[in-house]
Amino acid sequence: EVFTTLTLDAFGFLMDLGFRVVRHEQTLVRLESDAVWVNIYHGRSSYEVGVELGRVDRVELYSLFEVLSAFAPAEVSLARFQAIEADVLGRCLSRISTTLQRECSALFRGVDGAYATLQATSARLRKAATLSAQFGAILDLADQAWVAGDRSRAADLYESAAPALDEGR
C-alpha cells in the first residue's frame with residue numbers, strides 16, 4: 001500500500017482539519033470531514049495523479065484542474081502530473097498537497113464563498129469543453145477551408161459553429 005502511505009504523508013495536513021480516511025485502495029484514498037470529501041487517486045493505466053473534492057451534503061465533484069484554475073492558475077500544470085516510480089509519485093503528491101494547502105484551505109473548510117468561486121470557474125471551463133467537443137471539428141474544417149481559399153465553405157462552417165465562436169476560441 002505504497003500509494004496510501006505516500007498520500008497520507010503528503011496530505012497529513014487534512015487530518016489536522018478534521019478529515020479521516022474513510023476508504024483506501026491500491027490507487028485511491030478518500031478522506032472526509034463533516035463538511036468536505038477529498039479523493040486522491042493514481043490512475044491505473046494513465047498514471048495520472050489527481051484530486052477530486054466536494055461538499056458532503058451536495059452532489060458535486062470538482063477536479064484538481066478546476067480547483068487550480070480557480071485558486072492557483074499559475075500552478076494548473078500540477079493537474080497534469082503522471083508518475084510511475086514511487087519516489088516520483090511521492091514528489092508529485094507533495095507538490096500538489098503543498099499548493100492546495102497554501103491556496104485552497106477555504107475549500108477544505110467547506111466555506112460557501114470558496115465553493116461559489118469554484119463553481120463559477122468550473123461552469124465556465126465545462127461550458128468551454130462542451131463547446132469545443134461539439135464544434136471543434138467544424139471549426140477545424142472551417143479554418144482549413146479558409147486557408148485553402150474556399151471562403152464560401154468557410155463562412156458556412158463558421159456560421160454553423162456560431163455558438164462556439166460567440167464564447168470565444
S.K.: State which residue, out of Leu89, Ile40, Val51, fulfils the side chain to side chain contact (heavy atoms under 4.5 Å, CB included) condition with Thr7.
M.R.: Ile40
S.K.: Of all heavy-atom pairs between Arg109 and Val36, which one has the smallest distance, and what is that distance?
M.R.: C-CG2, 4.4 Å
S.K.: With heavy-atom distances below 4.5 Å as the criterion, would you say the side chains of Arg55 and Tyr115 are in contact?
M.R.: yes
S.K.: Does atom CD of Gln119 have more than 12 heavy-atom neighbours, drawn from other residues, nucleotides or ligands, at distances under 6.0 Å?
M.R.: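 Above 12, so yes.
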S.K.: Between Glu103 and Ala72, what is the shortest heavy-atom contact and its length?
M.R.: CG-CB, 3.8 Å
S.K.: Glu52 versus Tyr62: any side-chain heavy-atom pair under 4.5 Å?
M.R.: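 Glu52 does not reach Tyr62 side chain to side chain.
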S.K.: Under 6.0 Å from the six-membered ring centre of Trp146 and within 45° of its axis: does the NZ or CZ of Arg151 meet both?
M.R.: yes
S.K.: Checking the side chain of Ser160 only, and the main-chain atoms of Leu157 only, is there a donor and an acceptor separated by less than 3.5 Å?
M.R.: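 At least one qualifying donor-acceptor pair exists.
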S.K.: Would you say the ring centroid of Phe13 lies under 6.0 angstrom from that of Phe108?
M.R.: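 So the answer is yes for these two rings.
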S.K.: Closest approach of Phe65 and Arg80, non-hydrogen atoms and distance?
M.R.: CE1-NH2, 3.7 Å
S.K.: Is it the case that Thr99 and Arg95 place a side-chain donor and acceptor less than 3.5 Å from each other?
M.R.: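 There is no such pair between these side chains.
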S.K.: Would you say Arg102 has more than 12 foreign heavy atoms packed within less than 6.0 Å of its CZ?
M.R.: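 Yes, the 6.0 Å shell around CZ holds more than 12 heavy atoms from other groups.
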S.K.: Could you report the tightest heavy-atom contact between Leu28 and Tyr41, atom names first, then the distance?
M.R.: CD1-CB, 4.1 Å
S.K.: Do Leu8 and Leu31 have side-chain heavy atoms sitting under 4.5 Å apart?
M.R.: yes
S.K.: What's the shortest heavy-atom distance between Ala114 and Ala106, and which atoms?
M.R.: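 Closest heavy-atom pair between Ala114 and Ala106: CB-CB, 3.7 Å.
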S.K.: Can you confirm whether the side chains of Glu48 and His42 place a donor and an acceptor under 3.5 Å from each other?
M.R.: no
S.K.: Any Lys/Arg nitrogen of Arg91 or Asp9 sitting under 4.0 Å from an Asp/Glu carboxylate oxygen of the other?
M.R.: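 Salt bridge absent between Arg91 and Asp9.
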S.K.: With no hydrogens and no angle check, just 3.5 Å: does a side-chain donor-acceptor pair link Glu66 and Ser122?
M.R.: yes
S.K.: Applying side chain to side chain contact (heavy atoms under 4.5 Å, CB included) between Leu100 and each of Leu107, Leu68, Leu53, report the one that passes.
M.R.: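 In the set Leu107, Leu68, Leu53, the residue that makes a side chain to side chain contact (heavy atoms under 4.5 Å, CB included) with Leu100 is Leu68.
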S.K.: So, for Arg153 and Ala145, which heavy atoms are closest and what is the spacing to 0.1 Å?
M.R.: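 The pair with the smallest heavy-atom distance is CG-CB, 4.1 Å.
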